[in-house]
> 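The structure is given below, and queries will be raised subsequently.
Ligands are counted one by one from 1 in listed order, and the atoms in each one are counted from 1 as well. A quick note: this is a predicted structure, and the numbers were derived from the prediction, not measured.
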Amino acid sequence: MLRIMTIFGTRPEAIKMAPVIKQIAADPSMVPVIVVTGQHRTMLQQVLDIFDIHPDYDLKIMGKQQTLSEITSRVILGLDEILTEERPDLVLVHGDTTTTMAAALSAFYHRIPVGHVEAGLRTWDTHSPYPEEMNRMMTDDIADLYFAPTQLSKNNLLKEHHPESRVFITGNTAIDALRTTVRADYHHDVLATIAQGHRFILLTMHRRENQGQPMRDVFAAIKEVVLNTPGLDVIYPVHLSPRVQAIAHEIFDGVEGIHLIDPLDAVDFQGLAARSFFIMTDSGGVQEEAPSLNKPVLVLRDSTERPEGVAAGTLKLVGTKTSAVKAAMVELLNDPQKYRAMATANNPYGDGHAAERIVRICRDYLIHGVAANA
Ligand code: UD1
Ligand code: UDP
């Protein structure tokens, strides 16, 4: 039996690794070994519960104001014993968090091959997003198998001279997950607090490089637009990072129409996203999901590693300046033609069967030493 270890630690990795874990478990030639680092606690547990995933190991590394060095060193030290004892045939990591990069490095130190799910995303700016761009480049330097979601991410890997025979276009597993989370009969209590006939924007913002003034500038724009637009609400499930919590409450507390709520599980978040008027976010994963939900997204960043969504027309890169954010919001709220163009673009991130391809490729590679693209 092939022993496939998945290692992940934060909410987005868990959501996008869940379909892969289910697929490994369903494969008669494979045994899944599930390791969580616990870089996130509550936000990770929400995903584990929704997808009914029971980790074999939990490093429980999260601290209140954790630094990048703390996350990195705790993951590497914590994985040493597990990798020594388990010696899996392959380690799979996802995306670009510090868990991802440190887990890939640990596997390399133990001479265990690494598969990178969601490989090849690039902004070509190592400080945006920070530290994620460096994390994914380092993970791709270490990896043996690359699961690129799109042709563009494959091209990025080839530009860096990763061997084409190990690079596979699979689609993004975010779309696989979405197939199981969005439900027609969805309801959440927060919807009852929004007056009949009001439109609402779903907001998330958490990136390290946006914490501080950029976040304040964006929130000032949102506050002003809400106060000046009758019938408009904002729902903001606030990330549990103390830095984010502090700024969100400083600017939004007491503003009528802005609803600050706890982070939602994936079913709740994606259910609300499907009912929103549009989405504002600096999240990576949300940029992938919105096109499938036919929702325009104002991206609160200066660069994106997901240009496919910009080219398709769903995503608009607005940055974090107050004036630019206000202008983009007002345009979407008042120009039905612009709105329609963004809401009806095609989803460029796959057909919802990425996990099947990834697991098939892992099996072929481990058994035969080669694998073909789908
Ligand atoms: C991390 C990832 C980022 C990803 C994001 C997804 C890194 C460096 N960053 O950023 O790429 O986009 O996750 O959300 O890997 N906290 C809790 N409970 C939780 C989760 C977080 O209390 O369930 C608090 C803790 O105080 C923690 C802080 O949030 O110290 C920051 O968490 P951390 O994982 O360091 O950074 P994120 O901004 O979540
Ligand atoms: N998400 C969620 N609850 C929330 C906000 C987001 O389940 O309250 C989901 C969202 O649907 C997406 C993922 O979390 O699948 C994105 O994670 P996040 O924004 O934390 O990280 P990023 O994608 O930016 O790394």
Side-chain angles (χ1 to χ4, degrees), residues 8-19 36-51 60-72 74-75 93-103 118 121 128-136 139 172-178 180-182 188 190 202-211 215 235-246 260-274 276 279-290 292-293 295 297 299-301 304-306 349:
F8 53 98
T10 68
R11 169 172 69 192
E13 296 163 79
I15 291 173
K16 293 189 254 183
M17 203 59 116
V36 295
T37 64
Q39 177 177 332
H40 284 175
R41 192 68 278 158
T42 317
M43 288 160 57
L44 174 68
Q45 194 58 47
Q46 285 179 314
V47 186
L48 298 176
D49 291 344
I50 282 288
F51 291 99
K60 298 193 169 125
I61 66 160
M62 197 191 86
K64 200 162 187 302
Q65 297 273 7
Q66 58 197 2
T67 65
L68 298 175
S69 307
E70 281 166 346
I71 302 170
T72 307
R74 285 178 191 152
V75 169
V93 294
H94 177 279
D96 55 19
T97 72
T98 296
T99 283
T100 311
M101 180 275 295
E118 204 183 270
L121 276 64
S128 176
Y130 175 86
E132 289 81 6
E133 178 77 358
M134 185 57 83
N135 281 343
R136 54 194 171 222
T139 305
N172 198 305
T173 58
I175 310 304
D176 301 31
L178 209 54
T180 66
T181 52
V182 178
H188 188 277
V190 73
L202 185 61
L203 166 69
T204 79
M205 199 164 185
H206 72 277
R207 305 224 82 81
R208 265 178 164 74
E209 69 274 15
N210 281 337
Q211 292 169 8
M215 210 169 260
I235 299 178
Y236 179 11
V238 189
H239 191 289
L240 293 177
S241 162
R243 293 185 200 94
V244 178
Q245 288 273 337
L260 301 190
I261 59 174
D262 288 336
L264 296 162
D265 65 45
V267 168
D268 280 340
F269 183 81
Q270 292 162 8
L272 280 179
S276 68
I279 298 170
M280 299 177 69
T281 192
D282 67 356
S283 161
V286 177
Q287 293 177 56
E288 290 151 0
E289 292 159 356
S292 283
L293 301 172
K295 296 299 165 187
V297 182
V299 181
L300 306 167
R301 295 167 49 176
T304 181
E305 58 288 300
R306 280 129 174 132
Y349 297 112

> What closest approach, in Å, do M62 and R41 show between heavy atoms, and which atom pair accounts for it?
SD-N, 3.6 Å

> Output yes when a side-chain donor or acceptor of N210 lies under 3.5 Å from a complementary backbone atom of D282, and no otherwise.
no

> Tell me, which protein residue and heavy-atom name are nearest atom 36 (O) of ligand 1, and how many Å apart are they?
R208 NH1, 3.2 Å

> Would the distance check show the side chain of T67 and the main-chain N or O of E70 forming a donor-acceptor pair, the cut-off being under 3.5 Å?
yes

> If the cut-off is 4.0 Å to any non-hydrogen atom of L68, which atoms of ligand 1 fall inside it?
8 (C)

> Take F269 and V286 through the test side-chain contact (heavy atoms from CB on, under 4.5 Å) and record every step on the way to the result.
CA-CA 10 Å; F269 183 81; V286 177; 3.8 Å; yes

> Does T204, backbone or side chain, put an N or O under 3.5 Å from an N or O of ligand 2?
no

> Mind checking whether H206 has an N or O less than 3.5 Å away from an N or O of ligand 1?
yes

> Ignoring hydrogens, just give me the one of M62, R41, M43 whose non-hydrogen atom is nearest atom 22 (O) of ligand 1.
M62

> Quick one: are Q65 and R243 in side-chain contact, heavy atoms under 4.5 Å?
yes

> Could you list which atoms of ligand 1 come closer than 4.0 Å to a heavy atom of T97?
11 (O), 15 (O)

> With distance as the sole test, does Q46 use its side chain to make a donor-acceptor pair with the main-chain N or O of P263 at under 3.5 Å?
yes

> Can you pull out the closest protein heavy atom to atom 19 (O) of ligand 2? Residue, atom name and distance to 0.1 Å, please.
S283 OG, 2.7 Å

> Can you report which non-hydrogen protein atom sits closest to atom 26 (O) of ligand 1, along with the distance?
K64 O, 2.4 Å

> Evaluate H239 for polar contact with ligand 1, using N/O atom pairs at a separation under 3.5 Å.
yes

> Looking at every heavy atom in both Q270 and E289, which two are closest together, and how far apart are they?
NE2-OE2, 3.0 Å

> Among all protein heavy atoms in this structure, tell me which lies nearest to atom 34 (O) of ligand 1, with the distance rounded to 0.1 Å.
Q39 NE2, 2.9 Å

> For ligand 1, which atoms have a heavy atom of P242 less than 4.0 angstrom away?
26 (O)

> Should the ring pair H206 and H239 be called parallel, tilted or perpendicular, given that the plane angle runs from 0 to 90° and is split at 30 and 60?
parallel

> For atom 23 (O) of ligand 2, which protein heavy atom lies nearest, and how many Å away is it?
G285 N, 2.7 Å

> Which ligand 2 atoms does P237 reach within 4.0 Å, using its non-hydrogen atoms?
8 (O)

> Just to confirm my output: which protein heavy-atom neighbour is closest to atom 3 (N) of ligand 2, and how far is it?
L264 O, 2.7 Å

> Is E132 touching ligand 2 with its side chain, its backbone, both, or neither, if touching means heavy atoms under 4.0 Å apart?
neither

> Hey, is the main chain of D268 close enough, under 3.5 Å, to the side chain of H188 for a donor-acceptor pair?
no

> N/O of G284 under 3.5 Å from N/O of ligand 2, yes or no?
yes

> Would Q66 count as a polar contact of ligand 1, with the cut-off being nitrogen or oxygen pairs under 3.5 Å?
yes

> Working note: R306 + V299, criterion side-chain contact (heavy atoms from CB on, under 4.5 Å); need CA distance, chi angles, decisive distance, verdict.
CA-CA 10 Å; R306 280 129 174 132; V299 181; over 6 Å; no

> For T281 versus T204, what's the shortest heavy-atom pair and its separation?
OG1-OG1, 2.6 Å

> If we check side chain to side chain contact (heavy atoms under 4.5 Å, CB included) with F51, which of these qualifies: V267, T180, D265?
T180

> Between A174 and K16, which heavy-atom pair has the shortest distance, and what is it?
CB-CD, 3.7 Å

> Do any heavy atoms of Q45 fall under 4.0 Å from ligand 1?
no

> Would you check if the side chain of E209 reaches a backbone N or O of Y130 as a donor-acceptor pair within less than 3.5 Å?
yes

> Before accepting this row, confirm whether a basic side-chain N of the pair R136/E133 lies closer than 4.0 Å to the acidic partner's carboxylate O.
yes

> Is the shortest N/O to N/O distance between D282 and ligand 2 below 3.5 Å?
no

> R207 near ligand 2, heavy-atom distance under 4.0 Å?
yes

> Please state which part of D265 comes within less than 4.0 Å of ligand 2, counting heavy atoms only: side chain, backbone, both or neither.
backbone

> Under a 4.0 angstrom heavy-atom cut-off, which atoms of ligand 1 come close to G63?
25 (C), 26 (O), 27 (C), 30 (O)

> Heavy atom under 4.0 Å from ligand 1: found in P12's side chain, backbone, both, or neither?
side chain

> Which protein heavy atom lies closest to atom 3 (C) of ligand 1, and at what distance to 0.1 Å?
E132 OE2, 3.1 Å

> Any idea which heavy atoms bring Q66 and Q39 closest together, and the distance?
NE2-O, 3.1 Å

> Give the residue, atom name and distance (to 0.1 Å) of the protein heavy atom nearest atom 9 (C) of ligand 2.
I15 CD1, 3.6 Å

> With backbone taken as N, CA, C and O and side chain as the heavy atoms from C-beta onward, which portion of H206 lies under 4.0 Å from ligand 2: side chain, backbone, both, or neither?
side chain

> Look at the side chain of Y349 and the backbone N and O of Q287, then say whether any donor-acceptor pair between them is shorter than 3.5 Å.
no

> Students should be able to answer this: which protein heavy-atom is nearest to atom 21 (C) of ligand 1, and at what distance?
H40 CD2, 3.7 Å

> Tell me, which protein residue and heavy-atom name are nearest atom 28 (C) of ligand 1, and how many Å apart are they?
S241 CA, 3.9 Å

> Using a strict 4.0 Å cut-off to heavy atoms of I71, name the atoms of ligand 1 that fall inside it.
35 (O)

> In a check of side chain to side chain contact (heavy atoms under 4.5 Å, CB included) between T100 and each of T37, V93, V75, which one passes?
V93

> A side-chain contact here means heavy atoms from C-beta on lying under 4.5 Å apart; do T173 and E118 qualify?
no

> Find all atoms of ligand 2 within a distance of less than 4.0 Å from any non-hydrogen atom belonging to Q270, and give their numbers and elements.
11 (O), 15 (O)

> Roughly how far, to the nearest 0.5 Å, is OG1 of T139 from NE2 of H94?
11.0 Å

> Give me the atom names and distance for the closest heavy-atom approach of E13 to T99.
OE1-CG2, 3.5 Å

> Based purely on interatomic distance, does T98 place a nitrogen or oxygen under 3.5 Å from a nitrogen or oxygen of ligand 1?
yes

> Between F269 and ligand 2, is there a nitrogen or oxygen pair with a distance under 3.5 Å?
no

> What do we get for E289 next to ligand 2 when only non-hydrogen atoms under 4.0 Å count, side chain, backbone, both or neither?
side chain

> What's the shortest distance from atom 21 (O) of ligand 2 to any protein heavy atom, and which residue and atom give it?
P12 CG, 3.3 Å

> Heavy-atom contacts with P131 under 4.0 Å: which atoms of ligand 1 show up? List them by number with element.
8 (C)

> At a 4.0 Å cut-off, with the gap strictly under it, does some heavy atom of V244 reach an atom of ligand 1?
no

> What protein heavy atom sits nearest atom 4 (C) of ligand 2, and how far off is it?
R11 NH1, 3.1 Å

> In this structure, does ligand 1 have an atom that sits under 4.0 Å from one of the heavy atoms of R243?
no

> Relative to the heavy atoms of P263, which atoms of ligand 2 are at a distance of less than 4.0 Å?
8 (O)

> Between V47 and M43, is there a side-chain heavy-atom distance shorter than 4.5 Å?
no

